[in-house]
J.: 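This structure is in structure tokens; I'll ask about it shortly.
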Amino acid sequence: SHVAVILLLFAAVFISYIDRTNISVAAVAMQDALGWSETRKGAVLSSFFVGYLLMMAASGALANRYGGRRVLGFAVIWWSVCTLLTPPAALLGFPALILARIALGLGEAAVFPASINMVGRWVPPESRSRATALFSSALSFGTLFSLPMTGWLVRQYDWHMPFYLFGAIGLVWAIVWYRVIPSGPGPHALEMPTHAPQAIPWRRILGLPAVWAIVVGHFCVNWQLYLLLAWLPSYFKSTFHVSLTDAGLLSAAPWMASFVVANLAGHVADRMLRAGRSAGFVRRLMMAIALFGGALCFWWLPHAATPQAAVLVMCFSAAAFACSLAGFAPNGFDIAPRFADVIWGASNTVATLPGIFGVFITGWLVDRTGTYEAPFLLTSGLCLFGALFYLVFASGRKLID
């Protein structure tokens, strides 16, 4: 049933995020054990995105051609093996570890495009906002789980343990996936030509302003996301001088807010669509909340005088961000249902750039100015731009059959 599909997609995104984020905690212990400089640590943390970026558009095309079941199953096995190999690679030497992290990124690139493909095949159209928001919200849940869990495993055992445990969980998931999900197109797959896989009309897709609205919206939303993922603990520690444990706890609250609101937004979006609201209106509304809300939060954040006030603003920011998962995320189904996976692959390629440049620019601005005000105001401005761009160019009508 489509419920089993959605729950397993949620689990796949969850596993991808625990495998992706565990190193941000383990790296502290690895740095001591292996004698890394800050620069080396930074290279390890960012190398994942190299693989992720390189494979993103291709994984959307592969899911479109071979189906999400096959592509996602292979991807989870691939990246779980890469997770298991991370400790031996680190002990082998720095280049081996960088290669393992890039390989992990190559595998994880497939998780969202393949999941979008499975939603298109298995979930009825009137439930797709909810389904997309639910499996996407697993990124918040995975982050929430991974950071304290990795810290506990490193303290109880050593820095190897999170990689072995989380890698094994992925292999168990793959066994369940292939046992439970039948092969075949799925009950809601659009009629695919049976003789040969349809060529992807890249020029038509990339020529649509509505696709660029998704790309720009996705980029601006991810700038917020990666800023929160990478810099939240450091911000609390350096601005309010809280302990690292407290910084971790304070950083967890926004992810909880994001998880809850994402699923609420998915339900509201589907209800509005069923009540007769146009898809264009619903997607624009969700993105307006996400990006105008984000702009307001990041503009106000430098004025937060206490850690409690800052956490509250960050919770609002993460909650606003979560509404986008019922905005740009299912928008591909509205405009080109047969190529929603391809559109996601293309938009997430551009939206991965903040993971590399946004995170770096934030650090550079903090070094230059001594506070977080400049990167927060930059983020606020980007959110404003993204909101306006999306409102002008987005569409909810089917533009490609």
Side-chain angles (χ1 to χ4, degrees), residues 12-63 71-114 139 142-143 146-147 150 153-154 157-171 173-174 222 226 229-230 345 348-360 363:
V13 175
F14 174 82
I15 292 165
S16 79
Y17 264 75
I18 65 175
D19 288 350
R20 174 196 302 208
T21 55
N22 61 5
I23 199 156
S24 58
V25 176
V28 180
M30 294 168 84
Q31 190 174 11
D32 293 341
L34 303 169
W36 295 344
S37 64
E38 286 294 327
T39 308
R40 283 210 150 183
K41 184 168 121 186
V44 170
L45 293 176
S46 60
S47 55
F48 165 88
F49 286 108
V50 175
Y52 194 66
L53 189 72
L54 286 173
M55 199 61 196
M56 182 57 65
S59 65
L62 287 168
V71 171
L72 186 58
F74 178 80
V76 176
I77 293 168
W78 170 280
W79 90 58
S80 298
V81 170
C82 292
T83 304
L84 289 166
L85 290 175
T86 301
L91 296 171
L92 198 61
F94 189 68
L97 176 61
I98 293 289
L99 275 177
R101 293 298 294 173
I102 291 172
L104 176 75
L106 289 172
E108 289 209 5
V111 68
F112 283 106
L139 68 88
T143 305
S146 169
L147 301 180
T150 303
L153 288 168
V154 171
Y157 303 96
D158 63 4
W159 62 263
H160 303 76
M161 182 53 85
F163 298 103
Y164 292 143
L165 181 65
F166 295 176
I169 291 171
L171 295 178
W173 178 94
N222 271 24
Y226 287 128
L229 264 180
N348 208 13
T349 301
V350 177
T352 300
L353 296 174
I356 302 167
F357 299 112
V359 169
F360 174 79

J.: Looking only at heavy atoms, which two atoms of Thr83 and Pro87 are closest? And how far apart?
T.: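 Smallest heavy-atom distance, with atoms named: O-CD, 3.7 Å.
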J.: Looking at every non-hydrogen atom in both residues, tell me the closest pair between Ser59 and Ala109 and how far apart they are.
T.: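 Distance-wise, the nearest heavy atoms are OG-O, 3.2 Å.
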J.: What do the steps show when you test Phe94 against Leu34 for side chain to side chain contact (heavy atoms under 4.5 Å, CB included), and what is the final call?
T.: CA-CA 9 Å; Phe94 189 68; Leu34 303 169; over 6 Å; no
J.: Does a side-chain heavy-atom distance below 4.5 Å link Leu353 with Leu53?
T.: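 Answer yes - side chains close enough.
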J.: Looking at side-chain heavy atoms only, is the closest gap between Ile356 and Ser46 below 4.5 Å?
T.: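 No, every pair of side-chain atoms sits at 4.5 Å or beyond.
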J.: May I have the step-by-step check of side chain to side chain contact (heavy atoms under 4.5 Å, CB included) for Asp19 and Ile169, ending in yes or no?
T.: CA-CA 10 Å; Asp19 288 350; Ile169 291 171; over 6 Å; no
J.: So, taking the atom named CG in Leu106 and the one named CZ in Arg101, what distance separates them when rounded to the nearest 0.5 Å?
T.: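 Rounded to the nearest 0.5 Å, the CG-CZ separation comes out at 12.0 Å.
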J.: What heavy-atom pair brings Ala110 and Val71 nearest, and what distance separates the two atoms?
T.: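 For Ala110 versus Val71, the nearest heavy atoms are CB-CG1, 4.0 Å.
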J.: Let me confirm one number: the CG-CD1 distance from Leu72 to Ile77, rounded to the nearest 0.5 Å.
T.: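 Nearest 0.5 Å value for the CG-CD1 distance: 10.0 Å.
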J.: Compare every heavy atom of Gly107 with every heavy atom of Ala75, then report the nearest pair and how far apart it is.
T.: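 Minimum heavy-atom contact is CB-O, 3.5 Å.
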J.: Determine, step by step, whether Val44 and Met30 satisfy the side chain to side chain contact (heavy atoms under 4.5 Å, CB included) criterion, reporting the C-alpha distance in whole Å, the side-chain angles of both residues, the deciding distance to 0.1 Å, and the verdict.
T.: CA-CA 11 Å; Val44 170; Met30 294 168 84; 5.8 Å; no
J.: Which pair of non-hydrogen atoms, one from Ile15 and one from Gly170, has the smallest distance, and what is that distance?
T.: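 Here Ile15 and Gly170 meet closest at CG2-CA, 4.0 Å.
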J.: Could you check if a side-chain atom of Ser80 sits within less than 4.5 angstrom of a side-chain atom of Trp173, using non-hydrogen atoms only?
T.: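 Counting from C-beta outward, Ser80 and Trp173 never come under 4.5 Å.
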J.: Would one find more than 12 heavy atoms of other residues, nucleotides or ligands at under 6.0 Å from atom OH of Tyr157?
T.: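 Not buried by this count: 12 neighbours or fewer within 6.0 Å.
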J.: For the CG atom of Leu84 and the CG atom of Leu165, what is their distance to the nearest 0.5 Å?
T.: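 Reported value, rounded in 0.5 Å steps: 10.0 Å.
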J.: Answer whether the closest heavy-atom distance between the side chains of Ile18 and Phe14 falls below 4.5 Å.
T.: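 Of all side-chain heavy-atom pairs linking Phe14 with Ile18, at least one is under 4.5 Å.
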J.: Would you compute the distance between atom CG of Leu139 and atom OH of Tyr17 and round it to the nearest 0.5 angstrom?
T.: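 Leu139 atom CG to Tyr17 atom OH measures 4.5 Å (nearest 0.5 Å).
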J.: What pairs with Phe163 under ring pair (Phe, Tyr, Trp, His ring centres under 6.0 Å), at least two apart in sequence or on another chain?
T.: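 Partners of Phe163 by the ring pair (Phe, Tyr, Trp, His ring centres under 6.0 Å) criterion come out as none, since no residue qualifies.
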J.: Could you tell me which residues satisfy ring pair (Phe, Tyr, Trp, His ring centres under 6.0 Å) with Tyr226, sequence neighbours excluded, listed by chain and number?
T.: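 Here the qualifying residues are Phe49.
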J.: Do Val50 and Ile98 have side chains that approach each other closer than 4.5 Å (heavy atoms only, starting at C-beta)?
T.: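 Answer no - side chains too far apart.
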J.: Which residue is it: Leu85, Ile102, Leu91, Thr86? I am looking for the one with a side-chain contact (heavy atoms from CB on, under 4.5 Å) to Leu97.
T.: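 Option passing the side-chain contact (heavy atoms from CB on, under 4.5 Å) with Leu97: Thr86.
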J.: Any side-chain heavy atom of Trp79 within less than 4.5 Å of one from Val111?
T.: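 In short, these two side chains touch, coming nearer than 4.5 Å.
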J.: What residues form a side chain to side chain donor-acceptor pair (under 3.5 Å) with Ser16, not counting sequence neighbours?
T.: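 Applying side chain to side chain donor-acceptor pair (under 3.5 Å) to Ser16 gives none.
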J.: After noting the C-alpha distance and the side-chain angles of Leu62 and Phe74, does the key distance pass the side chain to side chain contact (heavy atoms under 4.5 Å, CB included) rule?
T.: CA-CA 12 Å; Leu62 287 168; Phe74 178 80; over 6 Å; no
J.: Under 3.5 Å, side chain of Trp78 to main-chain N/O of Ala103, donor-acceptor pair present?
T.: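 The answer is yes, because a donor-acceptor pair under 3.5 Å joins these two groups.
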J.: At what distance, to the nearest 0.5 angstrom, does CZ of Phe48 lie from OG1 of Thr21?
T.: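 Atom-to-atom, Phe48:CZ and Thr21:OG1 are 9.5 Å apart.
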